Amino acid sequence: MEDRILIIEDEKQIARFMELELTHEGYQVVVEYNGKEGLVSWQESDFSLIILDIMLPGLDGIELCQRIRRESNIPIIMVTAKDSTSDKVKGLDIGADDYLTKPFVIEELLARIRALLRRNINSNEADKRGLLKVDNLVVDQVKYRVSRAEEVIELTKKEYDLLVYLLINKGMVLSREKILNDVWGYDYVGETNIVDVYIRYLRSKIDDPYQEKLIQTVRGVGYVIKDEQG
């Protein structure tokens, strides 16, 4: 079955360009030029991925992304003319999986689409088996067991939760705010640098003893766990 992609973009020339290129690549494509119409289209049909502009009439991309995230983990790529770090962080915070700044080359968009679709499939398959893997790191969610290079690694409950979260979203850059909200919860009250502290704890156990480092820092944005396929 072909992957279906929903493009929500009010600049018709850009939307048409993406539609033609994605169709040429074998994707089924639906285009909406209005945020509200995009929401309705998503609610009424099944899609594999959404390409979402931020500046939209009817309903802006930020609110639209938030609404979709309340009901679905569908991969979302935000496309916008805004290129500041704060804009990128905001896009990631509200649930986008990736962020592309206009103007962009179509090859980059296609590569990001392939990566997100592949990771989505891998995550679904891993959930069915209860296994999460990257490189030689394996988390068995059924046995609550973590190992790297076949050596068992002891983690605290919160370290384990953080690692599972990073692995489920492997290859995706996650802001500190998003990690804090999703792992600790929206009602967390405490030191705001708790994410950095626990990332250091994790690195000391799953990275420091090994040559290949899996957890990477994206300066000004957050963290990502390396995807061996990316």
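All residue numbers refer to positions in the sequence shown, counting from 1. Hydrogens, waters and symmetry mates play no part in the numbers below; they use all other heavy atoms, side chains included. Everything numeric in this text was worked out from a predicted model, so none of it was measured.
Checking side-chain atoms of K170 against main-chain N and O of K133 turns up a donor-acceptor pair under 3.5 Å. Remark: side-chain polar atoms of R203 are not paired, donor with acceptor, to backbone N or O of K213 under 3.5 angstrom. In terms of modelled atom types and a separation under 3.5 Å, the side chain of K102 and the main chain of V79 share no donor-acceptor contact. At distances below 3.5 Å, not a single donor-acceptor pair connects side-chain atoms of D60 with backbone N or O atoms of I54.
Residues E159 and I153 are not in side-chain contact: their nearest non-hydrogen atoms beyond the backbone lie 4.5 Å or more apart. For the pair K178/M172, no side-chain contact is recorded, criterion being any heavy-atom separation below 4.5 Å from C-beta on. At least one side-chain heavy atom of V139 sits less than 4.5 Å from a side-chain heavy atom of Y160. Using a 4.5 Å cut-off on side-chain heavy atoms (C-beta onward), V195 and V183 make no contact. Residues L174 and Y165 are in side-chain contact: their nearest non-hydrogen atoms beyond the backbone lie under 4.5 Å apart. Residues M55 and D10 are not in side-chain contact: their nearest non-hydrogen atoms beyond the backbone lie 4.5 Å or more apart. Contact annotation: the side chain of I51 never approaches that of E9 to less than 4.5 Å [non-hydrogen atoms, C-beta and beyond]. Put simply, the side chain of V146 reaches to within 4.5 Å of the side chain of L137, judged on heavy atoms.
Using a cut-off of 4.0 Å between Lys/Arg side-chain N and Asp/Glu carboxylate O, E151 and R148 are scored as not salt-bridged. Ion pairing of R114 with D3 is absent here, as no side-chain N (NZ or NE/NH1/NH2) approaches a carboxylate O to less than 4.0 Å. Of the charged side-chain nitrogens involved, none lies within less than 4.0 Å of a carboxylate oxygen, so that R200 and D196 do not count as a salt-bridged pair.
Taking CG from L214 and CD from Q216, the interatomic distance works out to 8.0 Å, rounded to the nearest 0.5 Å. Summarising the geometry, atom CD belonging to E19 is positioned 12.0 Å from atom NZ belonging to K12; distances are rounded to the nearest 0.5 Å. To the nearest 0.5 Å, the span separating CG on D207 from CD1 on I215 amounts to 5.0 Å.
Closest of all the heavy-atom pairs between A96 and C65 is N-SG, 3.8 Å. Of all heavy-atom pairs spanning L116 and P75, the tightest one is CB-CB, 4.1 Å. Closest approach of F47 and S45 over heavy atoms only: CE1-CB, 3.6 Å. The heavy-atom pair separating L49 from I74 by the smallest distance is N-CD1, 3.7 Å.
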I would like to know whether I225 and L163 meet side-chain contact (heavy atoms from CB on, under 4.5 Å); could you show each step before the answer? CA-CA 9 Å; I225 196 161; L163 178 59; 4.1 Å; yes

